[in-house]
Amino acid sequence: MSAAQQQATEGDDGYNFAYLDEQTKRMIRRCLLKAVAVPGYQVPFGGREMPLPYGWGTGGMQVTASIIGRDDTLKVIDQGADDTTNAVNIRRFFARVAEVPTTESTAEASIVQTRHRVPEDPMREDQIIVYQVPQPEPLRPLEPREIECRKMHAYKEYGLMQVSLYEDIARFGEIATSYSYPVMVGDRYLMSPTPIPKFDNPKMDDFPALQLFGAGREKRIYAIPPYTKVKSLDFDDHPFAVQQWEEDCALCGAEDTFLDEVILDDQGGKMYVCSDSHYCARRRAEGHEGKLSESAARAYAAAVGAAEEEEA
Amino acid sequence: MYVAVKGGEQAILNSHKLIAEERRGDTEVPELSLAQIKEQMQLAVDRVMTEGSLYDRDLAALAIKQAQGDLLEAIFLLRAYRTTLTRFGESEPIDTSCMAVRRRISAAYKDLPGGQVLGPSYDYTHRLLDFALAAEEGVGAPEAEAAEAGVDESIPRVTDILNHEGLIEEETALDGDAGAVADLTREPLRFPAGRDLRLQNLARGDEGFLLALGYSTQRGYGRNHPFAGEIRLGEVAVEFVPEELGFPIELGEITVTECQMINQFAGSAGRPPQFTRGYGLSFGHCERKTMAMALVDRALRARELDETVEYPAQDEEFVLYHSDNVEASGFVQHLKLPHYVDFQSELQLIRSLRRRHDEEQQEAAE
């Protein structure tokens, strides 16, 4: 390695650029290439121990660490928000070990690492979204054994999943899966979209950006190349449908976003706000208003303030 | 402006300051040194090295101090450090028959070549709190007398003695590509797993988990009639063959505990009745761990020995996927992370299901 390269790959604290050593990154990139070549197929990879706990995004972090370069701009979200503790912590990690600029804006980011949401803003061909995956195996709730699951994928034998969905309809009148709703990728592999709400499933279909999935603890990587068909499982007489809210975002008035329910008091008072915090903030900056923007903000601040005082 | 329940950067930094303060405790009390941990909490250091997969007493002591004595957290710290180290090769297999033995016992024979060496052990202590250890002036410099006759330099393993008569199965080399030992720190677990991979997983596995599983086999969940053929503790040389030399050189010594379980086996169509083996090995002195490991290792050989796999300890996916306490601790505790998007989705679903339920009840009533 030349001195210039050495300099290029040395990061903070004597760790390599983006923490992982170059051999490991190469191994992960090879797995990523395989994953892109076989959309929806779970590629086993030699996952490394990361300095964050398993289950907290180590898979997504290893994927991000393997693809990130000095010219990248990183956005990290958890539950759609940029300011939740884990998102802050992962962003802080990459700002430290890769010294890349970070952003809260979906449009400005070249890489978006996410847990549990797909951003509301559309993404482009020159962007990559990296999902943190707790359980990559969509069949796991039905079949705990890895050997069996791999066989079912190999034979495209997904009857068990269809039966399970059918049983839901028979018992509840609808499919009782609201997140981690299974999808078929490229008409071949059954895939877990990760615990995103089923609201986000349709976004994955024909998506312009490359979608990468990293499961650290389970040591699997999978991918959806741009413009790939992603279909949520359903039945002709029970077509797939996403969640809908009777209210709009109380702050920005958005009618078509995933809403979080915010409890305002202990009397059943609540409001709904966009889960995508950047999207909501941008709309408000553009002058959109929800029915409660001012008063809700005050009520919420008062409620949270009161709770904090009690704790103290 | 509305903000979601927010743990900004400042909160995280403040939390770190708080743990630093709590870790130090009362400043009137002298601060714990790494040397004290290393010398006086050796068994904790040994466990952290074993499950942390890194033989370094100083770093293990540091991890224990940093983790405020939380050994699982210390193991995690050591693992996260280990993963950044370069692997420059594989050592030669250690030879435990050439161990400088400090403790060696067999429950299978009353006397045997090399003798029984009780060594340091809590086994025959009366578990009475020793208030002398609480004395301000300390315990001074206790010293054990050296035996008149030293311990033999090379002590044959009990399993090797049994082997002369063919009463115990041969320990055979790896199936398939001989020499290539699996390494789950580089490659993901794959099933069916070879014994090398299983043993590596068990060696890194959580002592508590293996203890419970091993215990379950004794109580009937996969019974395989074990005898503690031999347990030995001592120092062994680690040798390495550098490519440019072509012959092994000694890198140093490590302390290990080894347990060889002897288990009954009735034989099968292809094999005569003979004893079978279960194996346990750890860094340092981790006797309970190696015994539990040996029981679980034997239980996991069910498939290979044509035994019915019907209990948790015999189920390799169950055991190997759940033995790692770094993985388990992370995933259990990730439930602390926000899940409000999923929870909101479930809220919606349950409201819809309840609405439907109420409607059906009403219809039925009418």
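Keep in mind that the numbers below use all heavy atoms, side chains included, and drop hydrogens, waters and symmetry copies. Order of the sequence lines sets the chain letters (A, B, ...), proteins ahead of strands, with each chain counted from 1. Every value quoted in this text rests on a predicted model; they were computed, and no experiment measured them.
- Residues B:E359 and B:R356 are not paired through a salt bridge, judged by the lack of any N-O separation under 4.0 Å between the basic side chain and the carboxylate.
- Interface check for chain B: of the options A:R150, A:R115, A:K198, the most heavy-atom pairs under 4.5 Å are formed by A:R115.
- A salt bridge links A:K291 and A:E247; the closest N-O separation between the charged side-chain nitrogens and carboxylate oxygens is under 4.0 Å.
- Using a 4.0 Å cut-off between charged side-chain N and carboxylate O, B:R301 and B:D306 make no salt bridge.
- In terms of heavy-atom pairs under 4.5 angstrom with chain B, the leader among A:R48, A:R117, A:Q244, A:M27 is A:R48.
- Using a 4.5 Å cut-off between heavy atoms, B:Y321 contacts chain A through its side chain alone, with no backbone atom that close.
- At a threshold of 4.0 Å, the pair B:R47-B:E51 counts as salt-bridged, since one of the basic side-chain nitrogens sits closer than that to a carboxylate oxygen.
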**Prompt:** Going through the checks in order, is the side chain to side chain contact (heavy atoms under 4.5 Å, CB included) test met by B:Q344 and A:L259?
**Reply:** CA-CA 8 Å; B:Q344 176 60 216; A:L259 300 177; over 6 Å; no
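- A salt bridge links B:R198 with B:E304; the closest basic N to acidic carboxylate O contact falls under 4.0 Å.
- Ion pairing between B:K289 and B:D46 fails under the 4.0 Å rule for side-chain N and carboxylate O.
- Ring centroids of B:F318 and B:Y311 are separated by 6.0 Å or more, keeping the two rings apart.
- Heavy atoms closer than 4.5 Å to chain A are found in the side chain of B:T84, but not in its backbone.
- The contact between B:F191 and chain A is made by backbone and side chain atoms together, counting heavy-atom distances below 4.5 Å.
- Counting heavy-atom pairs under 4.5 Å between each of A:L20, A:D21, A:N89 and chain B puts A:N89 at the top.
- A ring-centre distance under 6.0 Å is found for A:F240 and A:Y181.
- Put simply, of B:E360, B:Q348, B:R82, the one with the most heavy-atom pairs under 4.5 Å next to chain A is B:Q348.
- Only the backbone of A:T177 comes within contact range of chain B, with at least one heavy atom under 4.5 Å from a heavy atom of that chain.
- Contacts between B:L347 and chain A at a heavy-atom distance below 4.5 Å involve the side chain alone, from C-beta outward.
- Across B:A80, B:P338, B:S352, B:A328, the residue that shares the most heavy-atom pairs under 4.5 angstrom with chain A is B:P338.
- Heavy atoms of A:P134 lying under 4.5 Å from chain B belong to its backbone as well as its side chain.
- When each of B:H334, B:K336, B:H357 is scored by its heavy-atom pairs under 4.5 Å with chain A, the top score falls to B:H334.
- Of the two parts of B:E317, only the side chain, counted from C-beta on, holds a non-hydrogen atom closer than 4.5 Å to a non-hydrogen atom of chain A.
- For a residue to count as touching a neighbouring chain, one of its non-hydrogen atoms must lie under 4.5 Å from one of that chain's; by this rule B:L85 does not touch chain A.
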**Prompt:** Is there a ring pair (Phe, Tyr, Trp, His ring centres under 6.0 Å) between A:F199 and A:F258 once you walk through the steps?
**Reply:** CA-CA 7 Å; A:F199 179 89; A:F258 188 91; 5.7 Å; yes
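- Per-residue heavy-atom pair counts under 4.5 Å with chain B were compared for A:Q243, A:R145, A:K219, and the maximum is reached by A:R145.
- Contact of B:R351 with chain A is made through the side chain alone, with heavy-atom distances under 4.5 Å.
- The residue among A:R217, A:H116, A:R220 with the most heavy atom pairs within less than 4.5 Å of chain B is A:R217.
- When the candidates A:S180, A:G173, A:P51 are compared by the number of heavy-atom contacts under 4.5 Å with chain B, A:G173 comes out ahead.
- Ranked by heavy-atom pairs under 4.5 Å with chain A, the first of B:L335, B:I350, B:D315 is B:D315.
- In this structure a side-chain-to-backbone donor-acceptor pair under 3.5 Å is present from A:D168 to A:A176.
- Judged by distance alone, the side chain of A:K203 and the main-chain N or O of A:V118 form a donor-acceptor pair under 3.5 Å.
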